[in-house]
Amino acid sequence: MDYEFKKIEKKWQERWNEAKAYKASEDRSKPKFYCLEMYPYPSGKLHMGHVRNYSIGDVLARFKRRNGFNVLYPMGYDAMGLPAENAAIQKNIHPREWTLNCIELMKEQQHQMGFSYDWDRMVSTCLPEYYKWNQWIFIQFFKNDLAYKKKVPINWCKKCGTVLANEQVIDGLCWRCDTEVEEKELEQWLFNIRKYADELLDSLDDLKEWPEKVKLMQKNWIGKSVGTEIIFQVTDSELIIPAFTTRPDTLFGVTYLLMAAEHPMIPELIENSPEKEKIDTFIAKTKKKSRIDRLADTQDKDGIFTGRYFNHPLTGEKFPIFVADYVLMDYGTGAVMAVPAHDQRDFEFAKKFDLPIRVVITPDKDNPLRVEEMEEAYVDPGMVVNSDKFDGMTNENAKKAITNELKSKGLGDFSTTYRLRDWLISRQRYWGTPIPIIYCDSCGIVPVPEDDLPVVLPDDVKFTGEGNPLDTSPTFSKAACPECGEPARRETDTMDTFVDSSWYFLRYLSPDDSEKAFDSEKADFWLPVDHYIGGITHAILHLLYARFFIKALRDLGLTKISEPFKRLTTQGMVLNNGEVMSKSKGNVVDPGKLIDKFGTDSIRTFILFAAPPEKEYDWNDDGIFGASRFLNRIWNMVSDNKEILIKYGKSETTYRYETKEEKQLARAIEAATKQVTESIESLHYNTAISGMMELFNELRDFITAVSGFQTNDVQAALVSKGILRLLSLLNPFAPHITEELWEAIGGEGFISLSDWHKYDPSLLATDEITLAVQVNGKVRGQLVVSSDLSEEEIKEQAQQVPNVSKFLNGNIRKIIYVKNRLVNIVV
RNA sequence: GCGAGAGUGGCGGAAUUGGCAGACGCGCUGGAUUUAGGAUCCAGUGGGCUUACGCCUGUGGGGGUUCGAGUCCCCCCUUUCGCACCA
């Protein structure tokens, strides 16, 4: 008979609510612990990924609370974004209505899961009370040169009339209407994240409790590269072309120069070229294929001679200038010095266009590389040759020497470039934060005065699926210039929703504050977040943006901290048959149905037991029966032993345990406490649960083996202690059933707010130890000895073990004893 | 191509500093019991050999270090993830 989980779970959720059991405040008498989960996009339905994410966090929050921490554990909704707008288009429902409805549904399911959030702190980013502060922060950024407007290339869908994010371009086509995406230049708003590139990179080292993998991904994304910028003089011209290189040591091996098709200097360079038309065609072709084909054929290099030459900065020699499709405008300077002997791409290009190849680095100076014999570029370190006065240097030394030479002649300098680009935040969409800017013909770009915030999203808009709905509002874009009062135009772009999520964890600290974005004092108290849990999918973008925000806010004097998240756990995805769960694949497992069938305690216990948090988990329905059975067995064990639990439950009496069974159970209780405690701390919830299962098995074995224990004070108290301990340890995982059983046996208050047990190491010690006895590393028998026996005696006894002696043959070379573990006899 | 992980029973997964591989659960097999439930309880469960005590073998493959290797070192294979012409 299953216990009545539905009734019980509802009962305790209501009790916790009424008592505001998990409310957090700035109580300075206890150490603080900020436990944060990545807030969800409110799709309306919880999916298994959410269940896993929040179960991980909830166990931690409950554990820390019971260990004397003042725990802040909030929840909110990342409520702006495209799905709401699509719902508006498809179902003719306003995004706000759709979103708020979804939030209610989602919140209801989270309540059902029994997560111990402080719901009074809930935040929804789609409300003007929240996005007002996005706008306020934007204005602070704008005033401090962290937000600026610039013409940038973007993905443009003509049919939808909107910009697309890179992820929304699929095989060069618009994800929604399959129209070919154009590259276009548009005036867009950007955040100057590059200003923080160095700090974002360097302080990764301070994040000791982040997964290396995530830090590495961020490092690669920032892509810092140190080198030299060299100025190349165009022959018979005043024009100069700067090029960035990480290999200034190969400067004497340069035999041509390459420029990106988008390079702004090209029109001037080819102005008078007889081949102008051909070059233009090539450039047009290259620009068009950019994103689409560049990904497809990264091997085939193509280019065209511009008809122009440059003079080598140190030798004065004349070399040709090419336009090449593999040179990118948005990295470095958009121009590259080509060294075919020491760069594989240049090598291939030189072969194709029959350009000279000059060896300037060689691995062995007595036996230099021969161009004729080279089948690929030599890119490793070596000795400098054919480089005038730099010959004989190691190439590492030559990097500095050659750069210094260039520097002294005003032809170059040390330089650093980054792969990281500034963060483009403009979106031509409705359901986001309006960018608080007004364009005035006479005053230019003017921020909305802070007193006029928020700039609220208008309702008089049409959702047609084409263009920015904000442009359809007859009123929104009309505004008076804040400076001169003349009629002006309001910005209709909205912000990327990653802006919302870059600081929401600060808003939780004072969600109802109408005076400021967040309370700096509270931020100093609660931040950094002690443990942040979320999907690996956000390893780069969200986590990098949030780190950037905190640093920027710090420099604005609003917070003292430099890193928002102290410890990070990226939980693995929940798959189904090896595939991501998605509506289109029809393989979504609905947690709602499972809650209904098994109860939330079983689901929580199961999902945490199934695999360690960081690992992917391929969903399998069967396993959940195990968790459900486990809880039912505990329920029955408590019911069967109710009398002794009520009688001995609160007893503090300590007893001496005499029998083997008593000693074993007493020890198992402490061992489980130790294991569960340590496993939770290291987030190995699966082994924590197996530890509790072992304790249960020990209790069951004791109850079965020792008849009449109910009437024996020592034994009844021991069983009672064991069961209570089990409930206590289980509570963070299965909070409802444990509260109910706790109450049923006369426990006072909430078990979820009771003190966590410290294990007693003295009870862990045994007076008998079992050793494995090996001969030449192979286990041949076992030896049970008293724990105070000397090493000599143990070695002696080991030889007498029945199955061991026959392998000895009398010639023992060595005996190795590993304390409490084994004896290995080498013959 | 570059970078970072991961390979353990039928399955999910355990294994302190190198120290009895397979904890715990699922599944499966056999048994008990029952107002038949995905119930409960007991026993078994890596492979091979053996009537049995036991023996051999076994953590992707191949070498090595060691009294002893899932764990450390070298080479290879498979696989997942990230980046992908970054000058």
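All values below were derived from every heavy atom in this structure, side-chain atoms included, with hydrogens, water molecules and symmetry-related copies excluded. Each chain gets a letter, A, B and so on, in the order the sequences are listed, and its residues count up from 1.
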Using a cut-off of less than 4.0 Å, is there contact between a side-chain N or O of [X] and OP1 or OP2 of [N]?
X: A:Lys778; N: B:U57; answer: yes
X: A:Arg421; N: B:C86; answer: no
X: A:Lys615; N: B:G13; answer: yes
X: A:Arg629; N: B:G27; answer: yes
X: A:Arg345; N: B:G1; answer: no
X: A:Asn803; N: B:C55; answer: yes
X: A:Arg780; N: B:C20; answer: no

Roughly, in whole Å, what's the span from [atom1] in [X] to [atom2] in [N]?
X: A:Glu694; N: B:A23; atom1: CD; atom2: C1'; answer: 6 Å
X: A:Asn686; N: B:G22; atom1: CG; atom2: P; answer: 18 Å
X: A:Leu822; N: B:A21; atom1: CG; atom2: C1'; answer: 14 Å
X: A:Asp618; N: B:G13; atom1: CG; atom2: P; answer: 9 Å

Syn/anti state of B:G9 by chi, 90° boundary around 0: syn
Sugar-phosphate, base or nothing in reach of A:Thr417, heavy atoms under 4.0 Å: nothing
Sidechain-backbone polar pair: A:Asn824 side chain, A:Gly777 backbone, donor-acceptor under 3.5 Å: yes
Smallest separation among heavy atoms of A:Ile595 and A:Ile603, with atom names: N-CD1, 3.8 Å
Whether A:His538 and A:Phe498 hold their rings parallel, tilted or perpendicular, with breakpoints at 30° and 60°: perpendicular
A:Lys642 atom NZ, neighbour heavy-atom count above 12 within 6.0 Å: no
